[in-house]
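Numbers for residues simply follow the sequence, beginning at 1. All of these numbers come straight from a predicted model, not from anything done at the bench.
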Amino acid sequence: MIVLDSLAWQASLKVSAPIGMAWLRIIEEWVAAGRAKEFVVLIRGSNFAHVPGETVYTVIPEYRLEEANQDRYGLQSVCDQLDAELFLSSYYTTPLTTPSLAIVYDLGISDTVDPHAREKMECLLQASGYVCFSDWVANELKKKLPGIPAESIAVVYPGIHPDLKPESTLKIRKFREDNNLGKSYILFRAGRGVARKEAFLNLIDSLAEITSKSVPEIVYFSVEGSNLDTPLKEVLELTKPVRAKISEMTLPPDALPTLYSGALALVEIEPDRGLGSFLAEVMRCGCPVILLAGGESTPEELMGGAYPWFLVQSEPKEIAKAIQDLQNPTYRNNLSDRSVSFTRDLTWKAAADKIWDLAKKTIARERLLKNSKGVPS
């Protein structure tokens, strides 16, 4: 039996929404695959989610950080009652002795004073295996906890919405007309931080380095409901001449696929770091991604294995060259096709199946370990 602690759904903890959504999708896929009798979901208090009706669950008390030690004893008691062979937590909890598979979303464990970081570290140190939702989180885990065997760390790419695809030419044309956009535009997503501002200013400066007659517009965009984005007026340095038109847009989520599909490329400074990132969705719509190397990340870290990034240095001349290369329709179409092809396999079914396989392998490994020590299984 596998036990899953659905901590991510506990409203009082304010866990990032994509984490709770991801576990709903994973559970749905497990149930659809006929595995409902092989796992139990621990519901914290009254924090029920819309899980499939076949899901087996039991209700336990809500998690409180100040009672973390008692919580571990409680989790172990539940695992013993259910004869659990493996424990999974949706957000860094752990029993006392039952083997666990840690799901790692980020590596905020350096602050030894922060009680949340201490509990996360406790979870990671006790785990028998690790699931990371991106290559970069896996690399960070290896750096910060070098004693972990590499074979115990697995990367599982999260799924993206199955309906995403490149939009039709007619829909893209109407979108451009409705938003007063030209035929060629580069995307840059609004956000906060000095690094993003510097990258955006480098993008603007790169337009002056373009030698071709066609200079694309820039769309500085946000998603409706986001409160973390810096307005364009606070980023743009008006003392500098700008060679092309810059549009600022705030769009609803359902308009984003058309925006992505019609763009020459999207410029970004951070790789896809797992759940909640939008770059896979951008590529699924056929939009190439220009990833700027520089700052804290090395080119090797940014490459991320099979990801079809267009990796360039964050310098105006290098960005200009990348933009000019993408103005060649054959070259851009090839990169667009690679982007769509890579993301086609990013489904929640694939993610759920891989986590299930890893769980079963961890259980088998723990059984062998017990038997080798002469411990009854």
Side-chain angles (χ1 to χ4, degrees), residues 14-19 105-106 108 134 136 175-176 178-182 184-210 215-260 262-283 285 287-297 301-302 309-316 318-320 322-323:
K14 297 180 180 179
V15 177
S16 175
I19 295 177
Y105 309 105
D106 60 67
S134 77
W136 297 274
F175 179 86
R176 289 203 310 260
D178 291 345
N179 292 279
N180 193 28
L181 290 176
S184 180
Y185 60 88
I186 296 284
L187 296 176
F188 191 95
R189 185 162 180 169
R192 287 183 179 176
V194 175
R196 294 199 73 80
K197 178 177 180 178
E198 289 179 352
F200 184 68
L201 293 177
N202 282 341
L203 173 59
I204 292 174
D205 289 345
S206 74
L207 302 181
E209 303 288 341
I210 293 176
V215 179
E217 301 173 10
I218 297 177
V219 175
Y220 184 87
F221 73 100
S222 299
V223 183
E224 283 184 359
S226 174
N227 299 317
L228 301 176
D229 297 335
T230 303
L232 178 61
K233 64 181 180 181
E234 295 181 19
V235 177
L236 198 59
E237 294 184 4
L238 298 178
T239 56
K240 289 187 175 183
V242 180
R243 191 179 174 190
K245 174 186 172 185
I246 302 177
S247 299
E248 184 174 20
M249 292 185 182
T250 300
L251 298 169
D254 60 1
L256 295 177
T258 312
L259 175 74
Y260 300 154
L264 182 66
L266 176 134
V267 173
E268 182 53 65
I269 65 169
E270 292 184 326
D272 213 327
R273 296 189 182 275
L275 295 174
S277 185
F278 73 106
L279 294 187
E281 296 179 354
V282 170
M283 291 191 294
C285 295
C287 179
V289 172
I290 299 175
L291 191 61
L292 304 184
E296 298 180 356
S297 298
E301 290 173 330
L302 294 175
W309 309 124
F310 193 144
L311 184 67
V312 302
Q313 291 297 321
S314 186
E315 300 172 359
E318 295 296 323
I319 300 171
I323 291 173

Enquirer: If you look at every heavy atom in F188 and V267, which pair is closest and at what distance?
Expert: CD1-O, 3.7 Å
Enquirer: Any sub-3.5 Å donor-acceptor pair from E217's side-chain atoms to G182's backbone N or O?
Expert: yes
Enquirer: How far does CH2 of W136 sit from CG of D106, to the nearest 0.5 angstrom?
Expert: 15.5 Å
Enquirer: Locate the shortest heavy-atom distance separating S206 from A320; write the atom from each residue and the value.
Expert: O-CB, 3.4 Å
Enquirer: Any side-chain heavy atom of F200 within less than 4.5 Å of one from D205?
Expert: no
Enquirer: Just wondering, do V215 and I323 contact through their side chains at under 4.5 Å, heavy atoms?
Expert: no
Enquirer: Does any part of the side chain of Y220, heavy atoms only, come nearer than 4.5 Å to the side chain of L187, both counted from C-beta?
Expert: no
Enquirer: Do L291 and I269 have side-chain heavy atoms sitting under 4.5 Å apart?
Expert: no
Enquirer: Nearest 0.5 angstrom please: N202 CG to S314 OG, how far?
Expert: 4.5 Å
Enquirer: Quick check: closest heavy atoms across Q313 and I319, and the distance to 0.1 Å?
Expert: O-CG1, 4.0 Å
Enquirer: Can you sort out the partners of Y260 under ring-ring contact (aromatic ring centres under 6.0 Å, His included), two or more places apart, ordered by chain and number?
Expert: none
Enquirer: Nearest 0.5 Å please: distance from the CD atom of E248 over to the OG atom of S222.
Expert: 6.5 Å
Enquirer: Check whether any side-chain heavy atom of I246 sits under 4.5 Å from a side-chain heavy atom of I204, and report yes or no.
Expert: yes
Enquirer: Going through the checks in order, is the side chain to side chain contact (heavy atoms under 4.5 Å, CB included) test met by F278 and L256?
Expert: CA-CA 10 Å; F278 73 106; L256 295 177; over 6 Å; no
Enquirer: Enter the distance from I290:CD1 to L311:CG here, rounded to the nearest 0.5 Å.
Expert: 11.0 Å
Enquirer: Is there a side-chain contact between P216 and I210 (heavy atoms, below 4.5 Å)?
Expert: yes
Enquirer: Which distance, rounded to the nearest 0.5 Å, do you find between the CG of L251 and the CG of N179?
Expert: 6.5 Å
Enquirer: Atom CE in M249, atom CD in E224: separation rounded to 0.5 Å?
Expert: 12.5 Å
Enquirer: Can you tell if the side chain of Y185 reaches within under 4.5 Å of the side chain of L264, non-hydrogen atoms only?
Expert: no
Enquirer: In chain order, what residues pass the salt bridge (charged side-chain N to carboxylate O under 4.0 Å, His left out) check against R196, with sequence neighbours excluded?
Expert: E268
Enquirer: Do F175 and L181 make a side-chain contact, defined as non-hydrogen atoms from C-beta onward lying under 4.5 Å apart?
Expert: yes
